[in-house]
Number of protein chains: 2
Amino acid sequence: MPPASVLSSQCPSRTLLEHVTSKWGVLIIHALSQSPARWSGLRRAIEGVSEKMLAQTLKTLEADGFIERHDHGTIPPHVEYSLTNAGQDLAGHLLPLLRWIEAHTDAQLIDAAPAT
Amino acid sequence: MPPASVLSSQCPSRTLLEHVTSKWGVLIIHALSQSPARWSGLRRAIEGVSEKMLAQTLKTLEADGFIERHDHGTIPPHVEYSLTNAGQDLAGHLLPLLRWIEAHTDAQLIDAAPAT
DNA sequence: CGGTATCCCCCTCGATACTG
DNA sequence: CAGTATCGAGGGGGATACCG
């Protein structure tokens with residue numbers, strides 16, 4: 001078996017990559033990297049996400065083994081989401097990228113308006 | 001001005017993040033991180049990309065300042081794409097993520113079929 | 001070789017309404 | 001609170017044809 005390569009269209013790693021780098025997937029992992037959170041907390045933290053996409057993306061990432069869903073089974077419902085070990089490992093690589101992009105954005109804006 | 005945050009829907013960093021983590025954007029940066037490449041080389045290296053999406057994504061990343069287009073102006077045409085300094089900086093954060101995903105994929109497959 | 005231009009499908013995604 | 005169901009618009013993306 002050849003090693004996984006995202007450049008191969010048939011490689012399973014490509015699918016995983018698309019899940020992880022999906023529009024909301026990145027942000028969910030980012031949000032959960034700080035601490036576990038509940039459904040409503042995630043909706044608030046991730047500005048602009050719809051219920052549909054939040055549910056869909058959470059399920060995908062759970063199936064991929066990056067996220068754990070813990071249902072307390074109480075009424076009213078209390079469900080908590082957290083990163084698995086694999087998810088935390090992943091976040092360790094994803095967060096530096098996010099921080100770089102944010103820092104790069106700030107740098108660009110400052111360059112555009114140098115003197116205040 | 002507050003610092004950039006990808007969790008804010010209006011923040012410019014969110015747009016940049018979506019360009020960088022777009023389906024083909026990731027792979028283009030990955031391909032160019034090894035060495036500059038020509039159009040046809042990129043098409044071959046990035047399995048499954050259509051001409052339309054290659055052109056579109058290259059333009060977006062060029063506008064974002066991550067990619068440089070160098071046209072030799074000869075006949076037959078010879079156009080080379082390469083990473084800018086910002087692009088290389090970005091790749092420095094993106095590549096570890098890709099390598100981790102590939103390695104994680106391999107590990108999963110081995111777990112699924114332990115003894116050979 | 002290195003692209004544009006056009007057509008068109010389909011799938012993602014957001015909005016809304018509803019439920020245990 | 002934590003979702004599911006449904007619908008409809010938009011654009012991502014493939015195929016094909018053409019150009020300097």
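What's counted below: heavy atoms across the whole structure, side chains too, no hydrogens, waters or symmetry copies. Letters go in sequence order (proteins before strands), and every chain restarts at 1.
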Short side-chain N/O contact from A/Tyr81 to OP1 or OP2 of D/dC1, under 4.0 Å: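 Answer no for this pair, as no side-chain N or O of A/Tyr81 is under 4.0 Å from OP1 or OP2.
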
Rounded to the nearest Å, what distance is computed from the [atom1] atom of residue [X] to the [atom2] atom of nucleotide [N]?
{"X": "B/Met53", "N": "D/dG14", "atom1": "CE", "atom2": "P", "result": "7 Å"}
{"X": "B/Glu80", "N": "C/dG2", "atom1": "CD", "atom2": "P", "result": "10 Å"}
{"X": "B/His78", "N": "C/dG3", "atom1": "NE2", "atom2": "C1'", "result": "15 Å"}
{"X": "B/Gln56", "N": "C/dG3", "atom1": "CD", "atom2": "P", "result": "15 Å"}

Close side-chain approach of B/Leu27 and B/Val49, heavy atoms under 4.5 Å: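 B/Leu27 does not reach B/Val49 side chain to side chain.
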
Close side-chain approach of A/Leu54 and A/Ile28, heavy atoms under 4.5 Å: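 Result yes, sub-4.5 Å side-chain heavy-atom pair found.
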
A/Thr74 side chain vs A/Pro77 backbone, donor-acceptor pair below 3.5 Å: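 No, because the side chain of A/Thr74 does not come within donor-acceptor range (under 3.5 Å) of the backbone of A/Pro77.
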
Polar side-chain atom of B/Thr57 near backbone of B/Trp24 as donor-acceptor pair, under 3.5 Å: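 Flag not set: sc B/Thr57 to bb B/Trp24 has no pair under 3.5 Å.
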
Residues which pass ring-ring contact (aromatic ring centres under 6.0 Å, His included) with B/His19, listed by chain and number, not counting sequence neighbours: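 Once residues adjacent in sequence are excluded, B/His19 has no partner under the ring-ring contact (aromatic ring centres under 6.0 Å, His included) criterion.
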
ring-ring contact (aromatic ring centres under 6.0 Å, His included) partners for B/His104, two or more places apart: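 For B/His104, the residues satisfying ring-ring contact (aromatic ring centres under 6.0 Å, His included) (neighbours in sequence not counted) are A/Phe66, B/Trp100.
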
Sorted by number, the residues of residues 58-73 of chain B with heavy-atom contact under 4.0 Å to DNA chain C: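 Those residues whose heavy atoms fall under 4.0 Å from DNA chain C, taken from residues 58-73 of chain B in numerical order, are B/Lys59, B/Arg69.
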
Residue pairs fulfilling salt bridge (charged side-chain N to carboxylate O under 4.0 Å, His left out) with at least one residue in residues 86-108 of chain B, sequence neighbours excluded: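 Passing the test, one end in residues 86-108 of chain B: no pairs.
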
All pairs passing salt bridge (charged side-chain N to carboxylate O under 4.0 Å, His left out) where residues 13-42 of chain A contributes a residue, at least two apart: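 Applying salt bridge (charged side-chain N to carboxylate O under 4.0 Å, His left out) to every pair that reaches into residues 13-42 of chain A, excluding sequence neighbours, yields nothing.
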
Partners passing side-chain contact (heavy atoms from CB on, under 4.5 Å) against B/Pro36 (at least two apart in sequence or in another chain):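 By the side-chain contact (heavy atoms from CB on, under 4.5 Å) rule, B/Pro36 matches B/Glu80, B/Ser82.
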
Quiz: residues 4-12 of chain B side-chain donor-acceptor pairs under 3.5 angstrom, not counting sequence neighbours:
| residue | atom | partner | partner atom | Å |
| --- | --- | --- | --- | --- |
| B/Ser5 | OG | B/Leu7 | N | 3.2 |
| B/Ser9 | OG | A/Glu47 | OE2 | 2.8 |

Sub-4.0 Å heavy-atom contacts from residues 14-47 of chain A onto DNA chain D, ordered by number: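 Contacting residues: A/Arg38, A/Trp39, A/Ser40.
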
Over all atoms of both residues, closest heavy-atom pair of A/Leu83 and A/Ile29: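 Reported closest heavy-atom pair: CD1-O, 4.2 Å.
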
Bending between helix ends of the helix from C/dC1-D/dG20 to C/dG20-D/dC1 [5 pairs per end, 10° resolution]: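 Result, rounded to 10 degrees: 50°.
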
With the criterion being N/O to N/O and under 3.5 Å, what pairs connect the protein with nucleotides 16-20 of chain C, and how long is each?
none

All side chain to side chain donor-acceptor pair (under 3.5 Å) counterparts of A/Asp71, not counting sequence neighbours: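 So A/Asp71 forms a side chain to side chain donor-acceptor pair (under 3.5 Å) with A/Arg69.
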
Partners meeting salt bridge (charged side-chain N to carboxylate O under 4.0 Å, His left out) with B/Arg43 (sequence neighbours left out):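 With neighbours one apart ignored, the set is B/Glu51.
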
